[in-house]
Amino acid sequence: MNRVLVATGGGDCPGLNAVIRAIVKRAAKEKNWEVVGSIEAFNGVLREPTEIVVLDEKAVAGIHYQGGTILGTTNKGGPFAWPVKRKDGTWEEVDRSDEMIRKLQYLGIDAVINIGGEGSQSISQALYEKGLNIIGVPKTIDNDLVGTDSTFGFQTAVQICTEAVDKLVTTAASHNRILILEVMGRYAGWIALNTAVAGGAEICLIPEIPYDINKVMEKIESRFNKGRGFTIIVMSEGARPVGGDFARKETGEVGYHNIKLSGAAERLMNELKSVGCPYDIRYTVLGHVQRGGVPIAYDRVLATQFGVKAMELVIEGRFGEMVSYQHPYITSIPLKDAIKRYNFVDPDTALIKTARGIGISFGD
Ligand code: F6P
C-alpha cells in the first residue's frame with residue numbers, strides 16, 4: 001500500500017475541506033493508495049507524539065461545504081524555521097527539514113500534498129529540492145498567486161465583502177455618511193477591486209494604485225454636490241497614499257513572519273479629516289469574517305478539481321508540481337515557477353477599465 005500525506009498550511013480559506021475530500025475520494029478509486037493528514041500543517045509530523053490522522057471516505061464525508069480545515073493550519077514556524085525557546089526565554093528558529101523527511105520515511109509516507117499559499121509552496125519547493133515527493137495545491141483568498149488563473153476561497157471572500165457593502169449602503173444613505181470598508185488581500189487589490197464593482201462603490205483604493213487624498217476628496221465632493229449625500233469606499237488593507245507606506249502593526253507572535261497589515265481605513269479617515277472633509281465618516285474592518293463560513297459553489301467546484309488533480313499527479317509520480325487552473329484546463333506548473341513573484345493587479349487590467357468605465361475612482 002502507498003501512503004500520501006495531506007497538509008494544509010498558512011491562513012485558512014473556504015474550500016480547503018473540499019480539496020481534502022476530493023483527494024481522498026480520488027485515492028479511493030485506486031487499490032493501492034491510502035491518505036493520511038498532518039494536523040496543523042507539518043506540525044503534526046514534527047511533534048512528539050506525532051499527530052497524523054487517517055483520512056478515509058468516512059472521515060471526509062460531507063465536509064465539502066464546511067469552512068476552515070478539518071486538519072487545522074498555522075502560518076507560523078514550519079520545518080525550516082521551527083521556533084525553539086532558549087534557556088534565557090528568547091526564541092531561535094531551527095531547521096528541522098531533514099529530520100522531518102526522515103520521519104516521513106519512517107512513517108511510510110510515499111508522497112505529500114501541501115495545500116497552501118505562497119509561503120507554503122516555497123516550503124514545498126524547498127522540500128522537493130531535498131528529495132521529497134511533493135505536490136502543491138494553491139490556496140489563498142487574496143488571489144495573489146501566479147501560475148493559476150484563480151484560487152479557491154477568493155470568490156467566497158468577494159461574496160462576503162459584497163454582502164457587507166450592500167448592508168453599508170443602506171446605513172450610509174440613511175445618515176448621509178462616508179462609509180469605508182477595509183478588506184483583506186495583503187499587497188494585492190483583487191478582493192477590493194471585485195467588491196467595489198460588485199457592490200457599486202464610488203471609490204476603490206488598492207495597493208497597486210497609490211491614492212492622492214485630494215483626488216479622493218474630489219470624488220466625495222462630486223457625490224455630495226449631486227445631492228446624493230453618501231459615499232462608499234472599498235479599500236484594501238494594503239492601500240496606501242502616494243509616497244506613503246503600508247499601514248501595519250506588530251503582532252509579537254512567536255514564529256509569525258508576515259507583516260500584519262492593519263489600520264488603513266482609520267488612516268484614510270484621518271487623512272480625509274485633515275483635508276477638511278466636512279462629512280461624517282465611519283469605517284468597518286471586515287477582518288477574518290472574510291475567511292469564515294461555507295465556500296460558495298464556485299469555490300467548492302474549483303477546490304474539488306484541484307483535489308482530484310493533485311491526487312492524479314501523485315499517482316503519475318509528477319512531483320515538484322503545483323496544481324493550476326488555466327482556463328479551461330486544470331493542469332500543473334513547476335512549483336518553482338509558482339513562487340517566483342506575486343499576482344498583483346495590473347492597473348491596465350480589464351476590470352480596472354470596467355471600474356473606471358462606471359465611474360469608480362481609484363484616487364489617482
Ligand atoms: O493571506 C490571507 C490573509 O487573510 C490576508 O488577506 C491577511 O492579510 C492575512 O492573511 C491575515 O493573516 P492572519 O490570519 O495571520 O491574521
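Everything numeric here is computed off the predicted structure, so don't read it as measured data. We count ligands from 1, going down the list as the structure has it; atoms in each ligand are counted the same way.
Sorted by chain and number, the residues within 4.0 Å of ligand 1 by heavy atom are N75, I141, D142, M184, G185, R186, E237, Y256, K260, H288, R291.
The main-chain N or O of I191 is never found under 3.5 Å from a side-chain atom of N143 such that the two would form a donor-acceptor pair. Using a distance-only test at 3.5 Å, with no hydrogens or angles considered, a donor-acceptor pair links the side chain of R96 to the main chain of L46. No donor-acceptor distance shorter than 3.5 angstrom exists from the side chain of Q155 to the backbone of Y298, with no hydrogens or angles considered.
Side-chain contact, E221 with Y279: a donor N or O sits under 3.5 Å from an acceptor N or O. A donor atom on one side chain and an acceptor atom on the other are not found under 3.5 Å apart for Q125 and Q121. Judged purely by distance below 3.5 Å, without hydrogens or angles, the side chains of Y342 and E118 pair a donor atom with an acceptor atom.
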